[in-house]
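Remarks on the structure that follows.
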Amino acid sequence: MSSPSRRRVSLDTPERLAEVFTAAIDAVAEVGYERFNMDLVAQRAHASKGSLYQRWPSKAHLIVAALQANRVEIAAPDTGSYLGDVRELCKQWLRAEVAGDRRGLLLALLEGSRRDQELAGLMTEQLGQGGTNPMAEVLAAAGRRGELPAGVDLELLADLPLALAMSNLLFKGRELTEELVDRIVDGLLAPLLGSGDHTQ
């Protein structure tokens with residue numbers, strides 16, 4: 001009788017798909033995109049490589065499917081202030097992040113998108129489209145409340161919190177924490193916009 005680690009198990013249940021997606025995300029974060037392959041996922045998820053290829057024709061398709069399965073749609077908060085909304089939105093994003101080695105995963109995706117046009121295209125097509133843009137909604141509400149200075153670049157303001165978080169993660173090796181979110185909101189956005197609001 002074959003051992004459970006080698007037995008071929010159907011991928012037709014949500015539980016099995018979740019195991020495969022977790023194995024894929026953990027593997028690509030650990031070894032990088034170039035060294036990532038279906039064999040690694042098959043070993044970790046106790047599945048056959050053939051069954052993986054039947055469902056996902058390439059490693060790029062599998063990775064994007066795993067990211068899509070872990071994607072969480074987040075609604076724009078309504079705390080009554082711009083700083084409160086940004087704080088809560090960023091913390092919601094943080095809680096919804098894929099568990100595990102986030103720095104390794106992000107580096108692998110950046111590397112893969114640069115080297116593999118298929119991955120870059122799939123990420124743009126499947127992850128970059130659709131859904132709402134909660135940060136845009138937060139800024140629109142702040143504009144209606146008159147909280148934003150005239151002439152502020154809304155596109156850059158929308159990108160700023162995430163860009164700072166990613167910079168800390170990628171270049172300084174600092175984990176993304178709620179304390180970092182508070183530093184960005186209280187130490188940068190509040191002084192930048194001339195606000196004393198420190199809504200928690």
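Values below: every heavy atom of this structure, side chains too, minus hydrogens, waters and symmetry copies. Quick caveat, the model's predicted, so the values are computed rather than measured.
For the residue pair Ala60 and Asp116, the shortest heavy atom distance occurs at CB-OD2, 4.3 Å. Closest non-hydrogen pair, Gln92 versus Ala75, comes out as OE1-O, 3.7 Å. A pairwise comparison of heavy atoms in Ala165 and Leu180 identifies CA-CD2, 4.2 Å as the closest pair. For the pair Val181 and Arg87, the tightest heavy-atom approach, listed with the atom from each and the gap, is CG1-O, 3.8 Å. Heavy-atom minimum distance, Trp93 versus Met135: CZ3-CE, 3.9 Å. Smallest separation of non-hydrogen atoms from Phe36 and Ala24: CE1-O, 3.5 Å.
Within the 4.5 Å cutoff, no side-chain heavy atoms of Val41 are placed close to those of Trp56. For the pair Arg55 and His61, the minimum side-chain heavy-atom distance is 4.5 Å or more. Under the 4.5 Å side-chain criterion, counting only non-hydrogen atoms from C-beta, Tyr33 is not in contact with Arg115. Using a 4.5 Å heavy-atom threshold, the side chains of Asp101 and Glu30 count as separate. Within the 4.5 Å cutoff, the side chain of Lys59 has no heavy atoms near those of the Leu40 side chain. Using a 4.5 Å heavy-atom cutoff, the side chains of Thr177 and Asp182 are not in contact.
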Next on the checklist: Test side-chain contact (heavy atoms from CB on, under 4.5 Å) on Ile184 and Leu160; report intermediate values, then the result.
Outcome noted: CA-CA 9 Å; Ile184 292 171; Leu160 187 56; 5.8 Å; no
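To the nearest 0.5 Å, atom CZ of residue Arg71 and atom CD of residue Gln68 are 5.5 Å apart. Distance CG/Leu189 to CG/Leu164: 8.0 Å, rounded to 0.5 Å. Taking CG of Asp85 as the reference point, atom CG of Leu139 lies at 9.5 Å (rounded to 0.5 Å). Atoms CD1 and SG, from Ile74 and Cys90 in turn, are 9.5 Å apart once rounded to the nearest 0.5 Å. Atom CZ of Arg103 sits about 11.0 Å away from atom CG of Leu176, to the nearest 0.5 Å. Atoms CG and CE, from Leu109 and Met123 in turn, are 4.5 Å apart once rounded to the nearest 0.5 Å.
Taking a cutoff of 4.0 Å between a charged side-chain nitrogen and a carboxylate oxygen, Glu137 and Arg144 do not qualify as a salt bridge. The residues Glu88 and Lys91 are annotated as not salt-bridged, no charged nitrogen and carboxylate oxygen being separated by less than 4.0 angstrom.
For residues 148-171, there are no salt bridge (charged side-chain N to carboxylate O under 4.0 Å, His left out) pairs, not counting sequence neighbours.
In this structure, Arg35 has no salt bridge (charged side-chain N to carboxylate O under 4.0 Å, His left out) partners at least two apart in sequence or on a different chain.
Side-chain N or O atoms of Ser167 include none that pairs as donor or acceptor with a backbone N or O of Ala163 at under 3.5 Å. Remark: the backbone N or O of Leu169 is not paired with any side-chain donor or acceptor of Arg174 at under 3.5 angstrom. At distances below 3.5 Å, at least one donor-acceptor pair connects side-chain atoms of Glu147 with backbone N or O atoms of Tyr82.
Transitive grouping of hydrophobic side chains (ILVMFWY, heavy atoms separated by less than 4.5 Å) brings Val138 and Val72 into a common cluster. Hydrophobic clustering of Ile, Leu, Val, Met, Phe, Trp and Tyr side chains at less than 4.5 Å, counting indirect connections, unites Leu110 with Phe171.
Summarising the local packing, CZ of Arg145 is surrounded by more than 12 heavy atoms from other residues, nucleotides or ligands at distances under 6.0 Å.
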